[in-house]
*Asks:* 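Quick one: this structure, given as structure tokens, is what I'll be asking you about.
FYI, the numbering just counts along the sequence from 1. FYI, side chains are in, hydrogens and waters are out, and symmetry mates aren't considered; it's all heavy atoms of this structure.
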Amino acid sequence: MKKFAIALSMLATLSTPALAAGDAEAGKTKAIVCSACHGVDGNSMIDMYPKIAGQQETYLKKQLTELRQAAHTGGKEGRNDPMMSPMAAALSDQDIEDLAAYFSSQELAMSEVNDVPELGEQLYKGGDAVRGVTACIACHGPNGQGSEAAGFPAIAGQHANYIKIQLNKFHDTSRNNDLNGMMQDVAKKLTSEDIEALSKYISSIK
């Protein structure tokens, strides 16, 4: 019986067509529906929605997959978002591959950020050892480009308001799809002043 199960498993693997790599051109067409919130090229003009142009392809795929998962499980699994989960619900695996390929190939548009608190740079680069706040630079790098291999997203030049919203969600654990709860652990130690300062600093990184 065990050998039979193994054979069936191997057959299923062999008979399942391999998922094609993401097609940026196909993704461009599919992205039309995304443009209302994220902009035609992924540079959202609305600061409560993220800029996704130039974001790491693997990170985009992870988020879309987990947003879809939340839609299919009533929010019990994945990343539940009242706006994006319903949008991702009908996406196929290939749609996700294509959309991620398209948006990751676009160029991020930077914004001018004024009145950046010094506290933001201090926390980003050095953290706060007394409170056990890890420096953001440890995962997201000196230029805010993150690490695709490690699953840490690029955050430089992101809308300050979007960063603030996400840090608050990590703080109150309403967003919990971060690797090993790392962002929740950091965010729960931040004050509202910290979050405001960090959001503006990160948005100002070129």
*Asks:* Just jot down the side-chain contact (heavy atoms from CB on, under 4.5 Å) partners of Met45, sequence neighbours excluded, or say none.
*Replies:* none
*Asks:* Can you name the side-chain contact (heavy atoms from CB on, under 4.5 Å) partners of Lys61, sequence neighbours left out?
*Replies:* Glu57, Ile96, Glu97, Ala100
*Asks:* Could you identify which residues cluster with Leu179, counting Ile, Leu, Val, Met, Phe, Trp and Tyr as linked when any side-chain heavy atoms lie under 4.5 Å apart, either directly or through a chain of such contacts?
*Replies:* Phe152, Met182
*Asks:* Could you work out the complete set of other residues in the hydrophobic cluster of Tyr59, with links drawn between I, L, V, M, F, W and Y side chains under 4.5 Å apart?
*Replies:* none
*Asks:* For residues 70-93, which residue pairs pass the ring-ring contact (aromatic ring centres under 6.0 Å, His included) check, not counting sequence neighbours?
*Replies:* none
*Asks:* Just to verify, what does Asp95 make a side chain to side chain donor-acceptor pair (under 3.5 Å) with, not counting sequence neighbours?
*Replies:* Lys30, Ser92
*Asks:* Identify, with sequence neighbours excluded, every residue that meets ring pair (Phe, Tyr, Trp, His ring centres under 6.0 Å) alongside Phe103.
*Replies:* none
*Asks:* Can you name the side-chain contact (heavy atoms from CB on, under 4.5 Å) partners of Asn43, sequence neighbours left out?
*Replies:* Asp41, Lys51, Ala53, Leu108, Ala109
*Asks:* I'd like to check the side-chain contact (heavy atoms from CB on, under 4.5 Å) partners of Pro117; sequence neighbours left out, ordered by chain and number.
*Replies:* Ala197, Lys200
*Asks:* Taking ILVMFWY side chains as joined if any heavy atoms are under 4.5 angstrom apart, and letting links pass through other members, which residues group with Leu167?
*Replies:* Val113, Val116, Leu119, Leu123, Tyr124, Val133, Ile137, Ile155, Ile163, Phe170, Met183, Val186, Leu190, Ile195, Leu198, Tyr201, Ile202, Ile205
*Asks:* Under the rule for side chain to side chain donor-acceptor pair (under 3.5 Å), what residues qualify as partners of Tyr162, not counting sequence neighbours?
*Replies:* Arg79
*Asks:* Quick one: salt bridge (charged side-chain N to carboxylate O under 4.0 Å, His left out) pairs with a partner in residues 110-124, sequence neighbours left out?
*Replies:* Glu112-Lys206, Glu121-Lys125
